[in-house]
2 protein chains.
Amino acid sequence: MDRTIREVARRAGVSIATVSRVLNKTVPVSEDKRKRVLEAVDAVGYTPNPAAQSLLKKETGGLGVLLPYAGEEFFAELLTGADLAAQEYGYYLLICTSHRDDKTLQASIRGLDKRVDGLVVMVPEINAKELAYLAKGEDPVVCINTPLSTDAVDRINFDNFEGVRKMTAYLIANGHERIALIRGPERAHDAQKRLEGYRAAMQGAGVSDTSMLEFNGDYTKQAGYTVGEKILALDPRPTAIIAANDYCAIGVLSVLHEHGIAVPEEISVAGFDDVPSAQYAAPTLTSVRVPIREIGAAAIRRLVTRLRAKHPMPHEDQVYPVELVVRQSTAPCKDEA
Amino acid sequence: MDRTIREVARRAGVSIATVSRVLNKTVPVSEDKRKRVLEAVDAVGYTPNPAAQSLLKKETGGLGVLLPYAGEEFFAELLTGADLAAQEYGYYLLICTSHRDDKTLQASIRGLDKRVDGLVVMVPEINAKELAYLAKGEDPVVCINTPLSTDAVDRINFDNFEGVRKMTAYLIANGHERIALIRGPERAHDAQKRLEGYRAAMQGAGVSDTSMLEFNGDYTKQAGYTVGEKILALDPRPTAIIAANDYCAIGVLSVLHEHGIAVPEEISVAGFDDVPSAQYAAPTLTSVRVPIREIGAAAIRRLVTRLRAKHPMPHEDQVYPVELVVRQSTAPCKDEA
DNA sequence: CGTAATCTCGAAAACGTTTTCATGACGTGG
DNA sequence: CCACGTCATGAAAACGTTTTCGAGATTACG
């Protein structure tokens, strides 16, 4: 037995149009037919076929989320916020990960295009070409943490520059001079901004060349661990380390703990993002709070608003402020150098 | 300009059937027409409408994943494994989270049913009724960590019982006697099994009543923190704590660190799951390794295999073995009581 | 009481594909 | 040279909905 609208109509002794009208409440239907239809729907266990619906209505009820990777806490949080908001609006989420290279990204976009009504893109590595490709698709797009180079999409960023600048300034104010930085991926927009914030603050303190204090990383715990080890070997040793994100900072904490180096007594460590793990790290991690979940939700809200708008909306460009969160992993510098 | 197969056919001067044949390579088409079609496809920027395709072919190309929550590292890892496998097979993933209660779960299933070709369900709180509801849907279902009460679905479990049993036995072998356990959610199948494993090992060591050593938790860091504090106040204090999962254990480590209690010297702490954070905790966390990512991928593989099978396949019931991973957070008991 | 307006509802078109069926061209074997 | 199979191709059906259109019934009003 197939669960189609025809079957329901047959059982209720009405036309399929009537069934549709009862279900969608578009037009009043006489009470007895309405009742018969509802009974038949129950008996058959009918639910409308979404494919048929979207074919006709040109909307799918789905929203796509493009991420580099779902395993990191940052993205997981973002996803959670997005999912919560999506459920609230009755949309479902279609996720697509691991787009470190352009080809898979384009392929994903193509595949997603007609399957969803809108797209949230959180791929800091994205370049102008990709962005343009995105923008010329059919669906509205919200980009998170992408460079501000096109105005065909909505953007939600947070203040990566100011976050690290504040963090660096805070450490400087606490007497630190040799502050190392572990960078994020070179191609990532947000990582670049964080780097610039660091340099700006260091220059403000009279350190114009920071090249000896900057280290390559890639936002992973693993990177924090290995680079942390390298930093330890330096002479003179830095008195503070700023990691490009919390995951990386946790890797640093891990290697310091293994070497028996006290944090923050001997060295201060700071992260970025304030993922949930930051406040459960040992010691608890000084970081820059980013309302990750809220941003995920905001992206979805933006999309839905745009989809429901009757008239074209101007593209917005929102920047979330960030906040310094000082915890146990940083302290005034004790170095008398 | 609409990007339909008609438009392509019109430009190429052929029928829509020919376009379809060229694209799907079902039947040979003369070389010149083939070329014209391909050019027209490019010119129009045509991609087939998935809704129309699935309406006809009765398959959507999507796979659904039901999770309680995407923010935890465990689920994030699972999702990553699933996503990787799905991409390999050309399926996309549709995720649905936060199904702590039955109603939203049913609603999600209904909504997902015709949108996907198969379902991965990781909801340890699921009960028999829900499971039956799932099984009678149209799509094949793979359940992860659910009770073994129906055989209408595929199941992938891992050995929750044996994992905690081994962990407990290991601590006992290291001289620990007062071993506390922080439970998982009461309704969760896996948490229940872990509890049983603990009790079995304790009974094996002659401790028949463990009620004074068991504490309620809910798999969160927060729970680990608060319950950890409670355990600290006990007299005599337990010499080891097994948390129902790593997240909870990390919460315990956090509170111990705050109270200045040395791990593992004064107290041993162990977790379960071996999430990536476990090896970056300070100290690194003794845990039970579960191949989370592999399990996520395996679930997808199972679904795809079933979908592609020509003939009905028997339902399988796979149990992954788990492995004790001893790290720094546990040590022989120094208590001379 | 007649006509116009309102209301309920069914028939049918439309959405964009894939696939079946039919047709005409062509080559081949007897 | 004719019949027959093979081959490329187009016309049309089908998938399951929503929505338009029109018809018939009912109400409202003069």
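Chain naming here is simple, since letters A, B, ... match the order of the sequence lines and numbering starts at 1 in each. What's counted below: heavy atoms across the whole structure, side chains too, no hydrogens, waters or symmetry copies. Source: prediction; values computed, not measured.
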Is there a side-chain contact between A:Ser15 and the phosphate of C:dC9, meaning an N or O under 4.0 Å from OP1 or OP2? no

Quick one: do the A:Tyr219 and A:Glu72 side chains pair a donor with an acceptor below 3.5 Å? no

Output the single nucleotide from D:dT18, D:dA12, C:dG16 whose closest atom is nearest the side chain of A:Lys58. C:dG16

To the nearest angstrom, how far is A:Leu23 atom CG from D:dT19 atom P? 12 Å

Indicate whether any N or O donor in one side chain lies under 3.5 Å from an N or O acceptor in the other, for A:Asp32 and A:Ser30. yes

Looking at D:dT19, I'd like to know if its phosphate oxygens (OP1 or OP2) sit under 4.0 Å from a side-chain N or O belonging to A:Thr26. no

Can we say B:Arg11 and B:Glu7 salt-bridge, meaning some charged N sits less than 4.0 Å from an Asp/Glu carboxylate O? yes

Nearest whole Å is fine: how far is C:dG16 C1' from B:Asn49 CG? 6 Å

Heavy-atom nearest nucleotide on DNA chain D for B:Leu55 versus B:Asp32: which residue maps closer to 5'? B:Asp32

Whole-Å distance, B:Arg10 CZ to D:dG10 C1', equals 18 Å

Quick one: B:Glu31 CD to D:dC7 P, roughly how many Å, whole number? 17 Å

Spacing of A:Asp2 atom CG relative to D:dA14 atom P, expressed in whole Å: 14 Å

Length of the CZ-C1' vector between B:Arg6 and D:dG10, whole Å: 13 Å

Of the candidate nucleotides C:dT17, D:dG10, C:dA14, which contains the atom at the shortest distance from the side chain of B:Leu56? C:dT17

Of the listed nucleotides (C:dG16, D:dA8, C:dT8), which one gets closest to any side-chain atom of A:Pro28? C:dT8

Any side-chain N or O of A:Lys114 under 4.0 Å from OP1/OP2 of C:dG16? no

Taking atom types as modelled, is there a side-chain donor on A:Lys114 or B:Thr47 under 3.5 Å from an acceptor on the other? yes

Nearest listed nucleotide, side chain of A:Arg21, among D:dT17, D:dG10, C:dC9: C:dC9

B:Ile5 atom CD1 is separated from D:dG10 atom P, nearest whole Å, by 12 Å

Flag yes if more than 12 heavy atoms outside B:Glu186 fall under 6.0 Å of its CD atom; otherwise flag no. no

Under 4.0 angstrom between A:Gln53 side-chain N/O and D:dG16 OP1 or OP2: no

Nearest to the side chain of A:Ser20, which nucleotide is it out of D:dA8, C:dG16, D:dT18? D:dT18

Separation of C:dT18 P from B:Lys25 NZ (nearest whole Å): 12 Å

Considering every strand and a 4.0 Å limit on heavy-atom distances, what is the contact class for B:Val14: base, sugar-phosphate, or nothing? sugar-phosphate

Phosphate OP1/OP2 of D:dT9 contacted by B:Lys33 side-chain N/O (<4.0 Å): yes

